[in-house]
Amino acid sequence: MTLRRPWTRRITVGTVSAAALVALAVPAEAATTATATSTSTATTTAAKASSADVDYDTWQKDCRAVMDQALPYLKQRIANTRPGEKQAIVFDIDNTTLETDFGFSYPQPANGPVLEAAKYAQEHGVALFFVTARPGIIYSVTDYNLKHAGYQVSGLYVRNFLDLFKNVAEYKTAQRVAIENKGYTIIANIGNSATDLSGGHAEKTYKLPDYDGQLS
């Protein structure tokens, strides 16, 4: 399956990772199988691509379809904040908050439909946390990229050396638990792979397209 902007060549996950490891050290996230989320968590999934080619515009349309369902929920949930409640949203990074496989320069651009929802949330007092399988060595460049793209970063979780040997889904679940232990209610968890969303510890989950693992 080819994923590309209509006007330029495809940059694969491997190409992005190799170039970034030299200049920016941005890796693709590991692919790991995961179980479904708990019954209290609703998952919205973009339709899978059936054609041989998925270009940038198709990816954006599919992302928009998911976020068009997420944003009304977020507006309602934020409006119904309970007294003393600290609300948070947890985001994946690669091909969720940033256009990793379609961004051809650093800083990488924000994924527009996701940024719109994030801006609404942060403007209404919701904390934004980012949980990624990227290694800790690129914490600074990742933090800068997110802020440059327009996200207010309340917390960025990257993998330390020991985390690199752990199951990605379990690692990400543990970070959400840590966020809850800080007193936050995670009202939504948004990512593009099963490893981003499994394990619970979020009121709602929203899955962006990864086209059967073709996007990191």
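The first residue in the sequence is number 1, and the count goes up from there.
- For the side chain to side chain donor-acceptor pair (under 3.5 Å) test, no residue two or more places apart in sequence or in another chain qualifies with Gln152.
- Counting heavy atoms from C-beta outward, Asp101 and Gln214 have side chains that stay 4.5 Å or more apart.
- One finds the OG atom of Ser193 at 6.0 Å from the NZ atom of Lys172 (value rounded to the nearest 0.5 Å).
- A 4.5 Å side-chain heavy-atom check between Arg134 and Thr100 finds at least one atom pair inside the cut-off.
- Between the CD atom of Gln87 and the CD atom of Glu203 there is a distance of 7.5 Å, given to the nearest 0.5 Å.
- In this structure Lys166 satisfies the side chain to side chain donor-acceptor pair (under 3.5 Å) test together with Asp163, sequence neighbours excluded.
- Side-chain contact between Ile89 and Gln122 is absent, with no heavy-atom pair separated by less than 4.5 Å.
- The aromatic rings of Phe91 and Phe130 lie parallel to each other, with less than 30° between the two planes, well short of the 60° mark.
- Atom-to-atom distance recorded for Thr195:OG1 and Asp92:CG is 7.0 Å, nearest 0.5 angstrom.
- Proximity of Val114 to Tyr206: side-chain heavy atoms (C-beta onward) are nowhere separated by under 4.5 Å.
- Here the CZ atom belonging to Phe161 is positioned 12.0 Å from the CD1 atom belonging to Ile137, to the nearest 0.5 angstrom.
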Point to revise | Chi angles and distances behind the side-chain contact (heavy atoms from CB on, under 4.5 Å) call for Tyr56, Glu99 | key: CA-CA 10 Å; Tyr56 175 80; Glu99 295 184 353; 2.6 Å; yes

Listed pairs under 3.5 Å, donor-acceptor, residues 177-188 side chains, sequence neighbours left out:
from: Glu180; atom 1: OE1; to: His201; atom 2: ND1; distance (Å): 2.6
from: Asn181; atom 1: ND2; to: Val177; atom 2: O; distance (Å): 3.4
from: Lys182; atom 1: NZ; to: Tyr157; atom 2: OH; distance (Å): 3.1
from: Thr185; atom 1: OG1; to: Glu85; atom 2: OE2; distance (Å): 3.4

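- Annotation: salt bridge (charged side-chain N to carboxylate O under 4.0 Å, His left out) contacts involving residues 137-148, sequence neighbours excluded, comprise Asp143-Lys147.
- Shown here for Tyr171 and Val131, the closest heavy-atom pair between the two residues is CE2-CG1, 4.3 Å.
- Checked against side chain to side chain donor-acceptor pair (under 3.5 Å), Asp68 has no partners two or more places apart in sequence or in another chain.
- Tyr144 is linked by a side chain to side chain contact (heavy atoms under 4.5 Å, CB included) to Tyr106, Pro107, His148, counting only residues two or more places apart in sequence or in another chain.
- Minimum heavy-atom separation, Lys207 to Asn192: NZ-O, 3.2 Å.
- Here the side chains of Lys204 and Gln69 are not in contact, with every heavy-atom distance at 4.5 Å or above.
- The structure places OG1 of Thr132 at 7.0 Å from CD1 of Ile138, a figure rounded to the nearest 0.5 Å.
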Check your understanding: What's the verdict on side-chain contact (heavy atoms from CB on, under 4.5 Å) for His124 and Leu74, showing C-alpha distance, side-chain angles and the deciding distance?
Key -> CA-CA 10 Å; His124 289 80; Leu74 291 173; over 6 Å; no

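- Looking only at side-chain heavy atoms (C-beta outward), Gln60 and Phe102 stay at 4.5 Å or farther from each other.
- Of all the heavy atoms in Ile78 and Thr81, the pair that sits closest is O-OG1, 2.6 Å.
- The closest side-chain donor-acceptor pair between Ser216 and Asn95 falls under 3.5 angstrom.
- Contact detail for Asn189 and Ala202: the closest heavy-atom pair is CB-CB, 3.6 Å.
- The OG1 atom of Thr96 lies 9.0 Å from the CG atom of Asp210; values are rounded to the nearest 0.5 Å.
- In Lys86, the NZ atom is crowded: over 12 heavy atoms of neighbouring residues, nucleotides or ligands sit closer than 6.0 Å.
- Proximity of Cys63 to Asn111: side-chain heavy atoms (C-beta onward) are separated by under 4.5 Å at one or more points.
- When side chains are defined from C-beta on, Leu146 counts as touching Thr97, because their heavy atoms get closer than 4.5 Å.
- Between Leu197 and Gly191 the shortest heavy-atom distance is CD2-N, 3.7 Å.
- Here the shortest heavy-atom pairing between Trp59 and Pro209 reads CD1-CG, 3.9 Å.
- When hydrophobic clusters are built by joining Ile, Leu, Val, Met, Phe, Trp and Tyr residues whose side-chain heavy atoms come closer than 4.5 Å, directly or via intermediates, Tyr120 is grouped together with Leu115.
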